[in-house]
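Below is one structure; the comments refer to it alone.
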There are 2 protein chains.
Amino acid sequence: SMTSLSIEILEQPTRYHRFRYEKEVSGGKLGGLLYGRSEKSCVRVRVSNIDPLMQKSVTVIGGTVSPDLYPHPFFMVGDDCRSGTFQLKKDTDSLGGKTEFEISLEKVSLVCVLLRPPDKLQEAVNRRLAINFNPFNKDLTSMSSMYTARNLKPLRLAFQIFVTDYNDVTAPTSAAVYSEEIYDYKQEPRLGLYDLHPSSSEVPGTHDIWFYFDAPLSHTDCSQFSVHLVEDHNEHDNEAFLEAELRVKMAKKHLIVAEKPDLTELWQSANERLKCQVVIADKKNNIKDSRSFIVENPRPVKLGVYADEVLDDDLLGFLYDTNHQPEAKRLRESDRVDPQTSHVVAQLQQPSQPQSQPPVAQASAYPALDAFNLAAHHQLPGASGGSN
Amino acid sequence: SMTSLSIEILEQPTRYHRFRYEKEVSGGKLGGLLYGRSEKSCVRVRVSNIDPLMQKSVTVIGGTVSPDLYPHPFFMVGDDCRSGTFQLKKDTDSLGGKTEFEISLEKVSLVCVLLRPPDKLQEAVNRRLAINFNPFNKDLTSMSSMYTARNLKPLRLAFQIFVTDYNDVTAPTSAAVYSEEIYDYKQEPRLGLYDLHPSSSEVPGTHDIWFYFDAPLSHTDCSQFSVHLVEDHNEHDNEAFLEAELRVKMAKKHLIVAEKPDLTELWQSANERLKCQVVIADKKNNIKDSRSFIVENPRPVKLGVYADEVLDDDLLGFLYDTNHQPEAKRLRESDRVDPQTSHVVAQLQQPSQPQSQPPVAQASAYPALDAFNLAAHHQLPGASGGSN
DNA sequence: AGCACGGGAATTCCCTTGAC
DNA sequence: GTCAAGGGAATTCCCGTGCT
């Protein structure tokens, strides 16, 4: 036909993956399954424009490549995996006349290699070179020294089509595709906010609020965190609302301390108590989290948790000390951060990961290679066969 | 003479040591120096009852042994170290007529071996066997399989005397001694309390207090922590004082949350504000730490941080809600924990580490061995010579 | 009961801090 | 400056939890 054999990725692999070690995926276990972007889906690819007259069968081989498309030492094990690669052969007469088919990587896990001691990495690179899966025809002369502990992640998946004609001759094709980058799961930015203390306060006065994080913060640079107190937004009102910025005084591995400012001059509510959100944001990673927070106006005064009675208005006059310099300022509505429901983590935008654009796959002459000598190489350690 | 050559340890090595890896002590660096029990002192041994008529020289060799006195794969580098052992030779004619001398291990570091991959440990054990320093004549037939990642620490230092006669024949002696056990520095129990929040409160009412720890807690079992509020002790008074126990509600890796009880029924002070200590103890590890804490009695009432004026006594009558069930109880004076000055860490007692008593060194026949073939073996990797 | 997931312990190494 | 100490990042592994 006019259009030639092609392959595309229907479902990209998950952006963050917990790579497992060989030791963790041995003995019938898998672990570290590779999923697709959507929840619990899996990676899917489509092969199109098959010509059953020319092609007795079509084989898709998938393996790892670096962001710039060099062969990569991490490998795949699980269903339809051999020699560290995913390999699926489809006889064209099983297509029922269709010229395309889809593949799902149902039970495939992506396995990393040891970096320590350093010769383990070298061995793994050599093994990967021996597998001879180089879909983008990269120059391999410098491959054996290009990988270090620092540049093994992120990586991509690459898929290439091999065709077998009716003389049973198998040849690689230039139909190849690569996935988006797969990062280490520990790089996924998250703000593991457990709770804050105290979770309520009064309008006047300043005091510290402590934020405890179960997960260690990715940095302890106070200026890269922001804390805002925001009145819970009721759908009906577009009018003025309370918003104040809290000064971040300290950041430790699992703790942030911020100072609640005096809110007297900002207070416009007629309510005695106002439900708010405290929104804490990591500006460096563009992530935020929030918790509900109560601000009480002592009109009528409630004396902490132990006063059940109220004072009369006459008393209030001299109870207040409004000489504080409020650090909070009233923000424009457009600056307002939408309060989160409690315990919700929101991703402001994707982190700006390095996204060097790799060169387009070339259709240059493929080195003489029988696709199936892939399997002739020694089995990778731990790369036990899948369901076949 | 009647009494025979003997060796004793004058200064034991530090109980907790940060063993360094070979990679950390290479290239002229030392690091991980072994110290004595006292601050910045060093290990010292004394050789006694030397007989200059029989002994042309006396050599002390020191090396590592397990708690039960088998040769141990960790090794020593630094001044006077060769082949992973400390070796010091003393000519008896340099003693000036004395029959004893002392040795200090001034610049010696104790180096650990890699456990991963497992063959590294095996190599290290084999190297240690080749060194042939076995001062307590242990049966070595099972040595090559006795060590695992789990039983390499703690360990001991052992010192043995070798003598050289006037025919220049060197022989080991049964004069040997072993040190107390040396544990890994990470096992040293400590409570890295950074601060608590809030650090003041009022007599009535209950609320949470958060304790943040820079160092991860060794466990998160609430029942194994205790928190007490103790009135600062003035030397002059043996009379009643305030003490209350706080209920520990939650323990996380870096956080403990405890609830301050209502103190109304315990309050006997005439003071408006009482300086206290909050003492937090890890009962499992017998360590505690404390911070100062202020308890204010709202008589006259101070309304948090914003009320500069006081209420008159008439008002107080209905401000109080004393229906709380105080969880605190008045303790006997003998139960009282001495308040610590702020930021002081106190060790209640030494942790109960395993202290299996090894057998006494035996004077059995020592295998034929020239002490100085120790040095004939290949240099340990990283065991660069010291100052000689 | 099996098995993948996720937490976190254990191990190794690197790099800043601090003392001289 | 030198270099050991200490903090903590990076790596590897183990195991409890939860789902089927």
Side-chain angles (χ1 to χ4, degrees), chain A residues 14 16-35 39-40 42 74 77-79 106-118 120-121 124 148-153 184-188 190 192 194 213-220 252-254 382, chain B residues 14 16-35 39-40 42 74 77-79 106-118 120-121 124 148-153 184-188 190 192 194 213-220 252-254 382:
Chain A
T14 178
Y16 299 101
H17 178 69
R18 176 166 173 171
F19 299 94
R20 294 285 171 167
Y21 291 88
E22 296 185 33
K23 187 169 286 195
E24 295 181 289
V25 293
S26 57
K29 313 260 159 72
L30 267 182
L33 292 184
L34 181 66
Y35 294 109
E39 192 61 31
K40 292 291 170 187
C42 60
F74 289 6
V77 296
D79 289 1
E106 300 261 356
K107 281 263 186 188
V108 171
S109 79
L110 253 187
V111 180
C112 60
V113 301
L114 293 178
L115 304 174
R116 201 187 276 163
K120 294 287 183 183
L121 173 57
T148 69
R150 296 293 152 66
N151 63 7
L152 283 164
K153 285 173 282 193
D184 191 90
Y185 76 113
K186 282 196 301 269
Q187 295 182 46
E188 183 165 10
R190 67 195 194 94
Y194 162 65
F213 299 84
D214 286 324
L217 297 172
S218 76
H219 62 91
T220 54
K252 284 173 161 278
K253 188 157 44 171
H254 293 262
Chain B
T14 179
Y16 299 101
H17 178 69
R18 175 166 174 170
F19 300 94
R20 294 286 172 168
Y21 290 88
E22 296 185 33
K23 187 167 287 195
E24 295 180 290
V25 294
S26 57
K29 312 258 157 73
L30 267 182
L33 292 183
L34 181 66
Y35 293 109
E39 194 60 32
K40 292 291 170 185
C42 60
F74 290 6
V77 297
D79 289 1
E106 300 261 357
K107 282 263 185 188
V108 171
S109 78
L110 252 187
V111 181
C112 60
V113 301
L114 293 179
L115 304 173
R116 201 187 275 163
K120 295 287 183 183
L121 173 57
T148 70
R150 297 294 153 67
N151 62 7
L152 283 165
K153 285 172 282 194
D184 190 272
Y185 77 113
K186 282 195 301 266
Q187 295 181 45
E188 183 165 10
R190 67 194 194 95
Y194 162 65
F213 299 85
D214 285 324
L217 297 172
S218 75
H219 62 90
T220 54
K252 285 174 160 277
K253 188 156 46 169
H254 294 262

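Sequence lines set the chain letters: A, B, ... in the order given, protein chains first and strands last, and positions in each chain run from 1. Small disclaimer: the values here were computed from a predicted structure and weren't measured.
In this structure, the nucleotide among D/dC3, C/dC5, D/dT11 sitting nearest to the side chain of B/Lys29 is D/dC3. Here the side chain of B/Arg116 is nearest to one of C/dC14, C/dA10, D/dA5, namely C/dA10. Considering only the side chain of B/Arg20, C/dC14 comes nearest among C/dT11, C/dC14, C/dA4. Here the nucleotide nearest the side chain of B/Lys23, chosen from C/dT11, C/dC13, D/dC13, is C/dC13. Among D/dG7, D/dC14, D/dT12, the nucleotide with an atom closest to any side-chain atom of A/Arg18 is D/dC14.
Where A/Leu115 and A/Lys253 meet DNA chain D, the nucleotide closest to each residue was compared, and A/Lys253 sits on the side nearer the 5' end. Both B/Arg150 and A/Lys186 lie near DNA chain D, and the one whose nearest nucleotide falls closer to the 5' end is A/Lys186. For B/Glu24 and B/Ala149, each mapped to the nucleotide of DNA chain C holding its nearest heavy atom, the one lying further toward the 5' end belongs to B/Ala149.
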Derivation and outcome, side-chain contact (heavy atoms from CB on, under 4.5 Å), residues A/Val111 and A/Tyr21: CA-CA 6 Å; A/Val111 180; A/Tyr21 291 88; 5.8 Å; no
Begin from the C-alpha positions of B/Tyr194 and B/Phe213 and carry the test ring-ring contact (aromatic ring centres under 6.0 Å, His included) through to its verdict. CA-CA 5 Å; B/Tyr194 162 65; B/Phe213 299 85; over 10 Å; no
Could you walk me through whether A/Val108 and A/Val77 pass the side-chain contact (heavy atoms from CB on, under 4.5 Å) test, one step at a time? CA-CA 6 Å; A/Val108 171; A/Val77 296; over 6 Å; no
Would you please test B/Leu115 and B/Lys120 for side-chain contact (heavy atoms from CB on, under 4.5 Å) and show each step? CA-CA 6 Å; B/Leu115 304 173; B/Lys120 295 287 183 183; over 6 Å; no
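Per the geometry, NZ belonging to A/Lys107 stands 12 Å off C1' belonging to C/dC5, to the nearest Å. Spacing between atom CG of A/Asp79 and atom C1' of C/dA4 amounts to 14 Å, rounded to whole angstrom units. Between the NZ atom of B/Lys120 and the P atom of D/dC13 there is a distance of 14 Å, given to the nearest Å. The CG-P distance, from B/Leu217 to C/dA9, rounds to 11 Å in whole Å. Note: NE2 (B/His219) to C1' (C/dA9) measures 16 Å, nearest angstrom. Summarising the geometry, the separation between CZ on B/Phe74 and C1' on C/dT12 is reported as 13 Å, rounded to the nearest angstrom. With rounding to whole Å, A/Glu188 atom CD is found 15 Å from C/dG7 atom C1'. What separates CG of B/Leu152 from C1' of C/dA10 is a distance of 13 Å, to the nearest Å.
Residue B/Tyr185 has no polar side-chain atom (N or O) positioned under 4.0 Å from OP1 or OP2 of D/dA5. Side-chain N/O atoms of B/Tyr21 include none lying less than 4.0 angstrom from OP1 or OP2 on C/dC13.
Contact annotation for B/Phe19: no contact, since no heavy-atom pair falls under 4.0 Å across all strands.
Side chain of A/His17 to backbone of A/Leu34: no donor-acceptor contact under 3.5 angstrom is found.
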